[in-house]
Amino acid sequence: MKVHALCYGRRMGRRGQHFHGYDEDSGLPHDTAYFVWLVESEGHTVLVDTGMRPSRAGELEYRAPVSLLRDFGVAPEDVDLVVLTHLHYDHAGTVADFPGARFVVQRSEVDYWTGPWAKRIERERWLLDSESLAWLVESDRLSLVDGDEEVLPGISVHLVGGHTAGMQVVRVAAPDPVVLASDASHFFENLEDDRPAPLIHSMPGMYAAFDRITELAGPGGIVVPGHDPQVLHRFPPVADGIVRVA
Ligand SMILES: [Zn+2]
């Protein structure tokens with residue numbers, strides 16, 4: 001099985017946007033990258049997250065995920081499974097670009113954004129890609145899952161919560177386990193320093209997610225965070241903005 005991380009965007013953020021708890025470093029610039037992940041197994045092409053739609057790319061140095069994939073030799077119709085780790089706009093934005101894919105989302109993520117309280121969470125709602133949510137709910141290609149599930153042989157999803165109600169991570173079994181943590185750990189530093197990001201659905205859930213990621217990776221495993229430019233240096237590059245994780 002092959003796992004690649006594809007960087008579709010860069011921007012200079014601030015440390016305070018990525019680490020909970022104000023301190024003297026919170027105002028410092030903090031390089032931020034945006035990824036989708038490609039998992040190729042025998043007979044299957046799996047995309048983990050679909051990135052941001054072009055209309056929301058704003059100040060990002062941005063390449064549309066679909067053209068990044070095309071340059072890498074993957075046509076959008078080749079993708080037969082998309083796992084959406086959560087429904088934030090930088091992860092679930094280009095769903096309509098993949099005409100042959102089934103979409104796996106945690107039921108608790110959809111429930112959170114569509115529940116009776118959804119209209120009252122205005123301060124958070126900008127984070128949702130509401131167009132994608134509407135599109136997915138209308139689609140007959142949405143598979144809702146509850147908790148942990150093997151979605152293809154050797155590829156499993158795991159509900160961890162913490163960052164969002166239905167935040168899930170993806171574990172790829174071979175050769176060494178790879179855990180695509182996405183925003184359950186935005187940066188290596190979140191997990192390594194046991195310091196959550198400030199966008200929090202549940203604080204106990206944030207810490208439980210760290211523990212679960214570590215457990216899923218096991219002693220020889222690889223953890224890939226959601227927004228860390230270090231990913232582009234810790235793994236071997238195969239093309240501009242693309243590294244081979246496994
Ligand atoms: Zn994100």
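Both tests hold for R234 against F188: distance to the six-membered ring centre under 6.0 Å, angle to the ring axis within 45°.
The distance from atom CG of L216 to atom CZ of R171, rounded to the nearest 0.5 Å, is 6.5 Å. Remark: D97 CG to T50 OG1 distance equals 8.0 Å, nearest 0.5 Å.
Looking at residues two or more places apart in sequence or on another chain, you find a side-chain hydrogen bond (donor to acceptor under 3.5 Å, both in side chains) between S156 and H158.
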Worksheet item: Given the rule in the side chain to side chain contact (heavy atoms under 4.5 Å, CB included) test, do V238 and K2 qualify, once you have shown the distances and angles that lead to the verdict?
Response: CA-CA 12 Å; V238 296; K2 287 189 285 185; over 6 Å; no
For side chain to side chain contact (heavy atoms under 4.5 Å, CB included), just list the numbers for D146 and L159, CA-CA rounded to whole Å, side-chain angles, deciding distance to a tenth of an Å, and then say yes or no.
-> CA-CA 8 Å; D146 297 287; L159 173 65; over 6 Å; no
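Below 30°, between 30° and 60°, or above 60°: for H30 and F19 the angle between ring planes is above 60°, a perpendicular geometry.
Counting non-hydrogen atoms of neighbouring residues, nucleotides and ligands closer than 6.0 angstrom, the CG atom of D240 reaches no more than 12 such neighbours.
With respect to E189 and R15, a salt bridge is recorded, a charged nitrogen being found less than 4.0 Å from a carboxylate O. A salt bridge is defined here as a Lys NZ or Arg NE, NH1 or NH2 lying under 4.0 Å from an Asp or Glu carboxylate O, and R11 with D90 fails to meet this definition.
Side-chain atoms of Q168 come within 3.5 Å of backbone atoms of V104 as a donor-acceptor pair (strictly under, hydrogens ignored). Side-chain atoms of H227 do not come within 3.5 Å of backbone N or O of D183 as any donor-acceptor pair. Panel note: side chain T114, backbone V110; a donor-acceptor pair is recorded below 3.5 Å.
Results of the side-chain hydrogen bond (donor to acceptor under 3.5 Å, both in side chains) test with T164 over E109, H86, H201, E124 single out E109 as the only residue that passes.
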